[in-house]
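As structure tokens, the structure follows; a few thoughts come after it.
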Amino acid sequence: ETVEDGEYIILEFSDGRQLFAHCIRDKKKCQTKLKVNKKHYPTQPFIGLKYGTVLELNREKDKFVPLPLGEDLIPEVDETLLELLGLGGSKKTDGKNNDGATTAEAILVNDLKSSSALTLNRDNRNLVDNNTSQAITHERLEKLKEDGKCGAAIIKELVENSSTFAEKTEFSKQKYIKRKQKKYQLRCRVIRCTGATVCEAMFLKDQRRIMSLRQDSLAQILSYANVHAGSQVLVFDTCLGLVCGALAQRMGGYGKILSLYTGQQPHAFFDMLGRFNLSYGEMSSILWVHSGEVFGSNVKCGEIDVDEEDVEKAERDCFEWPCPLQSHTAKYLGKMKTDEKREEFLYKRSARFARKLARHTTMETRTWLHSQSDSLIIVSKYDPLPTLRKLLPFLASSCPFVVFGEHMEPLAECLHALKRENLAINLRLSDTWMREYQMLAGRSHPDMTMSQSGGFILTGMKLDPIQGINEIDEKVLQEMRSMVMRGRRHKKKRPSSNINDQDDENKKHARKM
């Protein structure tokens with residue numbers, strides 16, 4: 001419910017930005033600094049806040065201050081601004097209108113509905129954007145910020161010194177005030193880091209780094225792959241570990257995630273996995289497998305040397321807990337001047353030995369890999385067809401697989417190859433079209449800017465390589481189809497009802513008479 005020390009959070013701003021923040025009390029250990037508008041801010045005030053809390057930048061204190069419950073990202077229009085708009089005083093309400101809007105919004109909506117506001121000669125045709133309508137200079141605005149003026153006071157001065165504000169329509173006035181509020185009354189909301197929120201924040205930041213993977217596409221991948229607690233999932237992820245973190249969070253530490261990586265170490269994943277705030281059990285469920293264990297030239301599923309000695313396991317069994325200090329370690333500790341440095345050194349060393357004791361060996365991971373997994377997920381920038389051909393033997397029969405790609409053509413080629421070689425059934429290639437809408441009184445319409453595509457998803461179910469073969473020959477299928485079509489052409493007429501039969505008999509009898 002609340003933000004803990006050491007956790008990552010997402011800050012959603014009123015202008016649409018979403019930034020990651022590492023909430024930690026010690027500034028030296030903070031890995032991700034909060035940088036907003038070219039300025040750094042401390043993350044200590046976020047610790048202890050409830051998720052969903054709205055904060056506003058206090059320029060006097062130079063930090064974000066939490067607001068009372070019920071505040072929104074877009075602040076309510078101030079009463080002084082309503083007086084400048086000519087809407088204050090007599091039109092005040094009891095706080096809400098019939099639609100549940102706040103006082104300022106209710107006044108604006110009621111004024112928009114009134115006939116006096118929507119006259120025929122009120123439009124923006126005579127307004128010229130030549131940067132001469134605003135009397136306040138840039139130096140004056142900077143001076144107001146340095147003096148610690150609140151955002152509402154700055155907006156009030158901007159409205160008072162605008163020569164064209166009175167000539168604008170009511171819609172334009174409201175848009176103008178909201179635009180200035182987003183700029184000078186900076187507010188943000190604290191959001192928990194989950195698979196959907198992390199994916200959305202990364203998509204807004206740089207979608208190319210995650211292969212244009214949108215949050216709805218990520219949800220479909222987890223659903224089609226039938227990911228659940230207790231299952232074993234084989235995943236090949238090149239989206240900075242985004243899919244791997246979402247899998248660990250969904251499974252809750254129950255089951256195994258065999259994550260393939262390229263290079264010497266999977267260090268590129270750790271930064272992204274840290275943003276999911278995974279527990280020890282969830283992190284332990286991720287087992288790292290080098291790509292050479294699968295894509296090697298002489299690798300075949302099920303062929304493991306059982307007699308090979310597991311050196312890492314023998315070394316792990318030799319460890320004792322608590323681990324005694326070696327002679328050179330004791331000498332190194334004796335040279336340290338303060339007890340704080342000794343304590344920090346011993347803490348890091350004990351954590352490293354604890355990871356060694358709990359870490360799975362390469363032979364154990366290889367055994368789990370060759371025992372075949374329950375699901376297969378490929379979200380990779382590499383060619384999907386050879387990648388899927390190499391990974392399919394490590395998937396159990398009648399189990400689902402999902403291949404995500406940024407472009408449709410490689411997945412279409414993969415789909416035709418799977419059909420041609422009878423490797424899978426229930427194949428489907430799809431994409432999701434998503435559009436956001438602006439919902440405002442009298443101005444509800446789709447957003448003008450939207451993502452073109454959230455990627456393409458190929459799903460299917462693996463056939464058994466021995467018994468998963470269609471025994472019916474193609475000639476037999478053609479004969480069956482022709483018989484069905486022949487039966488449809490020479491279809492017998494339906495027997496008439498008793499009433500129709502009686503009418504026909506009466507007509508025949510009348511003719512004979």
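Atoms considered below: every heavy atom in the structure, side chains included; atoms not considered: hydrogens, waters and symmetry mates.
- Judged purely by atom type and a 3.5 angstrom limit, Glu71 has no side-chain atom pairing as donor or acceptor with the backbone of Pro68.
- We find that Glu1 and Lys50 are not joined by a salt bridge, their nearest charged nitrogen and carboxylate oxygen being 4.0 Å or further apart.
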Full working for side-chain contact (heavy atoms from CB on, under 4.5 Å) between Phe401 and Ile378: CA-CA 8 Å; Phe401 63 88; Ile378 301 174; over 6 Å; no

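- Judged purely by distance below 3.5 Å, without hydrogens or angles, the side chains of Ser231 and Asp374 never pair a donor atom with an acceptor atom.
- In terms of modelled atom types and a separation under 3.5 Å, the side chain of Thr53 and the main chain of Leu49 share no donor-acceptor contact.
- Ring geometry for Trp288 versus Phe269: interplanar angle of 30 to 60°, hence tilted.
- Note: His445 and Tyr437 fail the aromatic proximity criterion, with ring centroids not under 6.0 Å apart.
- For the pair Arg187 (side chain) and Asp72 (backbone), a donor-acceptor distance under 3.5 Å is present.
- The main-chain N or O of Met363 is found under 3.5 Å from a side-chain atom of Thr367 such that the two form a donor-acceptor pair.
- Among all heavy-atom pairs drawn from Thr197 and Gln18, the shortest one is O-OE1, 4.1 Å.
- By the 4.0 Å N-to-carboxylate-O rule, Asp15 lies too far from Lys183 to be salt-bridged with it.
- When all heavy atoms are compared, the tightest approach of Met211 to Lys381 is SD-N, 3.8 Å.
- With Lys462 contributing its side chain and Leu392 its backbone, the two residues share a donor-acceptor pair below 3.5 Å.
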Are Val233 and Met251 close enough, and set up right, to give a side-chain contact (heavy atoms from CB on, under 4.5 Å), and what steps lead you there? CA-CA 10 Å; Val233 184; Met251 294 171 65; 4.2 Å; yes

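- Shortest non-hydrogen contact noted between Ile47 and Cys23 is CG1-CB, 3.9 Å.
- In terms of modelled atom types and a separation under 3.5 Å, the side chain of Ser371 and the main chain of Trp368 share a donor-acceptor contact.
- Not one N or O on the side chain of Ser217 forms a donor-acceptor pair closer than 3.5 Å with the backbone of Leu213.
- Phe46 and Phe64 have tilted rings, their planes meeting at an angle from 30° to 60° on a 0 to 90° scale.
- Phe456 and His407 have their aromatic ring centers separated by at least 6.0 angstrom.
- A donor-acceptor pair under 3.5 Å is formed between the side chain of His290 and the backbone N or O of Gly263.
- With Ser291 contributing its side chain and Thr262 its backbone, the two residues share no donor-acceptor pair below 3.5 Å.
- Cys199 approaches Arg214 most closely through the heavy-atom pair SG-C, 3.5 Å.
- Atom CD of Gln438 is surrounded by more than 12 heavy atoms from other residues, nucleotides or ligands within 6.0 Å.
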Trace of the side-chain contact (heavy atoms from CB on, under 4.5 Å) decision for Val3 with Tyr51: CA-CA 7 Å; Val3 181; Tyr51 285 102; 4.0 Å; yes

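- Between the side chains of Gln220 and Thr432, at least one donor N or O lies within less than 3.5 Å of an accepting N or O.
- In summary, the aromatic rings of Phe295 and Phe236 are positioned with their centroids under 6.0 Å apart.
- When atom types are taken as modelled, the side chain of Asn426 and the backbone of Gly460 share no donor-acceptor pair closer than 3.5 angstrom.
- Taking each heavy atom of Asp5 and Ile24 in turn, the nearest pair found is OD1-CA, 3.2 Å.
- Residue pairs meeting the salt bridge (charged side-chain N to carboxylate O under 4.0 Å, His left out) criterion with at least one partner in residues 396-421, sequence neighbours excluded, are Arg389-Glu421.
- The nearest pair of heavy atoms linking Lys63 to Pro45 is CD-CG, 4.3 Å.
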Should Val54 and Cys188 be marked as a side-chain contact (heavy atoms from CB on, under 4.5 Å) after you check the CA-CA gap, both sets of side-chain angles, and the distance that decides it? CA-CA 6 Å; Val54 178; Cys188 62; over 6 Å; no

